Number of protein chains: 2
Amino acid sequence: MSKNAREDILEVAKKAAQARGYGGLSMRDLAAEVGIKAASLYYHFPSKADLASAVAKRYWEDAAADLEKIWDEYSDPAERLRFFPVTFRRALENENRMCLCSFMGAEYDDLPDPVKKEVQVFADVNVAWLEKALVATGAVEPDASEARAKAVFAAVAGAQLMARSRADISLYDTLIESYRTAGLLPA
Amino acid sequence: MSKNAREDILEVAKKAAQARGYGGLSMRDLAAEVGIKAASLYYHFPSKADLASAVAKRYWEDAAADLEKIWDEYSDPAERLRFFPVTFRRALENENRMCLCSFMGAEYDDLPDPVKKEVQVFADVNVAWLEKALVATGAVEPDASEARAKAVFAAVAGAQLMARSRADISLYDTLIESYRTAGLLPA
DNA sequence: ACCTGAACACCGTTCAAGT
DNA sequence: ACCTGAACACCGTTCAAGT
């Protein structure tokens, strides 16, 4: 693919993990897609756990950068919140994939600790951004803003999961719109 | 365990699938826990897909029965809705397990078609019950009731997923309470 | 009717060996 | 520095064979 095998591995592994999770991520298949042998993977990453941890870390770093971009592009607090669900929509647009961290959240029991840690940072980053954005709208009581931010995150993740389980992206849009009608997200 | 091996298999497989999903369900481990050899599993079920399909079918049947019970036990529509999240809470109480169908929803790409079908029926059953209950409260416009029912289902599933990913059942309670404060569920 | 051992093609992982 | 083949203990599954 590119000149940098390590980059290729991370990229292909990310897409695979978004579709099949940690357990479903096959080192042999991954290697084949990158164009090397499975054993060669272990030159770049000491173990599957290390690889997945690096993938999850980059995943939340990219998410954080995306959220920063939304923040800077819009000044209206409600406008910013309008765009939050778009980042989760993109995974579904991308061949019905889902958030890597939602999938791995489900796999909690089988997740190596370093991976678990990065997965939780992803949620932390999203919740912190949402809380900041919600407080700025002034529509949420300050002492309820953290709980509300978590609620929005959980609900959006749930919408993505449900839409994926039907391979129906229009269902995702319906769900987000219902959240707005119900008052969970600003209309 | 019991006298009936088939029953034991279904029961143990259900708990395993709630913790590790379809992919994480190991026929060898399952057999060991039941007290037979892996090959013997294939006497009772022709394949892993058939076993998982039977498990998922029973799962939504049990869920439907639970919902019926809630419906009959309470006559106040809002009261009925108050108890909906309790069924999802029980999985978390049970050693941080989650809804089998949420997990398998994430595994969409690797799910055999018969399993996929049963998983979707689970969502259908829940959404139909929720819609009935929401309409009865009179608080939701009739032409928005289906979308709202789906939204509640997705949000509750998302709350369960997020709480599981932290092994924190109190987070689940916080999220459900936030849904009520926000207006997604009746307060 | 119900279960088993042995075999099949897979998997993640290791490691000594190649260039 | 980067990759590989061969081997390890696993996996789901099959099947002929046992009782």
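Treat the numbers as computed from the prediction; the structure is a model and nothing was measured. Numbers restart at 1 for each chain; the letters A, B, ... are given by sequence-line order, proteins then strands.
Both A:Y22 and B:H44 lie near DNA chain C, and the one whose nearest nucleotide falls closer to the 5' end is B:H44. Between A:G35 and B:L25, the residue anchored closer to the 5' end of DNA chain D is A:G35, taking for each the nucleotide with the nearest heavy atom. Ranked by how close their nearest DNA chain D nucleotide is to the 5' end, A:I36 and A:Y43 are led by A:Y43.
Here the nucleotide nearest the side chain of B:K37, chosen from C:dC2, D:dT13, C:dT4, is C:dT4. Comparing atom distances between the B:D29 side chain and each of D:dG12, C:dG5, D:dC11 picks out D:dC11 as nearest. Of the candidates D:dA6, D:dT14, C:dG12, D:dA6 carries the atom nearest the A:A39 side chain, counting heavy atoms from C-beta on. In this structure, the nucleotide among D:dC2, D:dG12, C:dG12 sitting nearest to the side chain of B:S26 is D:dG12. Candidate nucleotides D:dC3, C:dT13, D:dT14 were compared by shortest atom distance to the side chain of A:A5, and D:dC3 ranks first.
As rounded to whole Å, 14 Å separates atom P of D:dT4 from atom CE of A:M27. Atom pair A:K48:NZ and C:dG12:P shows a separation of 5 Å (rounding to whole Å applied). In this entry the distance linking CG of A:D110 with C1' of C:dC11 reads 15 Å, nearest Å.
Under a 3.5 Å cut-off, the side chain of B:R80 and the backbone N or O of B:I70 do not form any donor-acceptor pair. No donor-acceptor distance shorter than 3.5 angstrom exists from the side chain of A:K15 to the backbone of A:R97, with no hydrogens or angles considered. In this structure, the side chain of A:D168 engages the main chain of A:L171 through a donor-acceptor pair within 3.5 Å.
In summary, B:D124 and B:K117 do not engage in a salt bridge, as defined by a charged side-chain N under 4.0 Å from a carboxylate O.
Note on A:S40: every side-chain N or O is 4.0 Å or more away from OP1 and OP2 of D:dC2. Taking side-chain N and O atoms only, A:Y42 has a distance below 4.0 Å to OP1 or OP2 of C:dT13.
Remark: C:dT4 base-pairs with D:dA16. Criterion, Watson-Crick or G-U wobble with two distances under 3.5 Å. If you check C:dC11 for Watson-Crick or wobble pairing at under 3.5 angstrom, you find it has no partner at all.
A distance of 5.0 Å separates CG in A:L161 from CE in A:M98, rounded to the nearest 0.5 Å.
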